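Read the structure below first, then the notes.
When a residue number appears, it is its place in the shown sequence, counting from 1. In this text the structure is predicted, and so the values were computed from the model without any measurement.
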Amino acid sequence: MIKRVLTVLSLVILGLATGGQAANAAPFDPTPYCRPYMGLPYVDSGPTYTGGGRYQFDVEAAGGMHCNGAAYKVSVSVTLHYSTTSGGGTGTTTGSTKTCGDSCENTAHYMRTSLFCGYHYTYDDYATVNYTWQRYSSDSPVSGSLNGGHTTGSSYNPPGVCT
């Protein structure tokens with residue numbers, strides 16, 4: 001009886017150690033071959049004075065896929081979601097789709113234009129990476145999206161721009 005209990009206990013421990021897989025199966029890997037990532041939006045250029053008491057600045061967000069090696073096909077595009085108070089606009093813009101054979105990155109940009117000197121603006125931006133990947137040509141494509149964190153900030157009479 002004790003021998004049978006020890007045998008059953010050993011099989012349970014073996015099952016837990018192998019992630020519940022058979023003894024001859026490949027080791028359990030909880031991570032996918034390719035994983036998406038999404039950075040925070042940031043001011044890429046500017047602010048610059050555009051005349052008439054107005055200025056602008058460019059916001060960029062970068063995201064992509066990190067793969068453990070070569071892949072048959074990886075495609076990524078980034079959508080930037082932007083919101084600006086005081087008539088600065090709300091919407092989305094999507095960068096082009098980039099396709100590659102391993103890890104790759106892409107960006108989306110939004111130019112905040114026609115911001116008036118002397119007005120206080122606040123903004124709240126975030127981005128989404130949209131992806132599809134196949135490790136081998138015979139694999140079914142894996143598609144999805146990942147939202148990044150929010151970047152919030154404000155702009156009022158940028159030094160050297162609004163005098």
Side-chain angles (χ1 to χ4, degrees), residues 19-20 26-163:
F28 179 68
D29 181 7
T31 61
Y33 187 74
C34 293
R35 293 172 304 288
Y37 63 90
M38 187 65 248
L40 293 172
Y42 60 93
V43 175
D44 185 43
S45 66
T48 56
Y49 188 72
T50 58
R54 297 177 184 185
Y55 66 98
Q56 67 184 19
F57 61 94
D58 180 43
V59 176
E60 177 180 87
M65 293 291 287
H66 174 75
C67 298
N68 295 331
Y72 170 69
K73 184 174 168 184
V74 178
S75 296
V76 295
S77 65
V78 174
T79 300
L80 179 60
H81 307 260
Y82 58 88
S83 177
T84 313
T85 61
S86 303
T90 299
T92 61
T93 182
T94 301
S96 62
T97 299
K98 183 175 182 180
T99 302
C100 55
D102 56 12
S103 299
C104 60
E105 184 172 278
N106 210 350
T107 60
H109 289 264
Y110 172 65
M111 183 66 76
R112 280 198 163 84
T113 60
S114 296
L115 301 173
F116 287 96
C117 294
Y119 287 84
H120 184 262
Y121 297 94
T122 59
Y123 53 89
D124 182 359
D125 303 331
Y126 73 97
T128 304
V129 63
N130 305 292
Y131 61 87
T132 301
W133 64 276
Q134 289 176 265
R135 184 170 182 185
Y136 302 109
S137 62
S138 59
D139 291 345
S140 295
V142 177
S143 297
S145 62
L146 175 69
N147 288 333
H150 285 253
T151 296
T152 58
S154 64
S155 182
Y156 176 76
N157 287 344
V161 175
C162 296
T163 54

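A 6.0 Å sphere centred on OH of Tyr119 holds no more than 12 heavy atoms belonging to other residues, nucleotides or ligands.
For the pair Thr151 (side chain) and Asp125 (backbone), a donor-acceptor distance under 3.5 Å is absent. Distance alone, capped at 3.5 Å, is enough to place a donor-acceptor pair between the Gln134 side chain and the Asp139 backbone. In terms of modelled atom types and a separation under 3.5 Å, the side chain of Asp58 and the main chain of Asp44 share no donor-acceptor contact. Remark: side-chain polar atoms of Ser103 are paired, donor with acceptor, to backbone N or O of Cys67 under 3.5 angstrom. No side-chain donor-acceptor contact under 3.5 Å links Asn147 to the backbone of Thr128.
Counted by atom type alone, Thr99 and Ser75 present one or more donor-acceptor pairs between their side chains at under 3.5 Å.
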- Message: If you apply the rule side chain to side chain contact (heavy atoms under 4.5 Å, CB included), what do you find for Arg112 with Tyr82, and how did you get there?
- Response: CA-CA 9 Å; Arg112 280 198 163 84; Tyr82 58 88; 3.9 Å; yes
- Message: Between Val78 and Thr107, is the side chain to side chain contact (heavy atoms under 4.5 Å, CB included) condition met? List the steps.
- Response: CA-CA 6 Å; Val78 174; Thr107 60; 5.8 Å; no
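If you take OH on Tyr110 and OG1 on Thr79, they are separated by 15.0 Å, rounding to the nearest 0.5 Å.
The side-chain heavy atoms of Arg35 and Tyr37, taken from C-beta on, include no pair separated by under 4.5 Å.
The aromatic rings of His120 and Tyr156 sit tilted relative to each other, their planes meeting at an angle between 30° and 60°.
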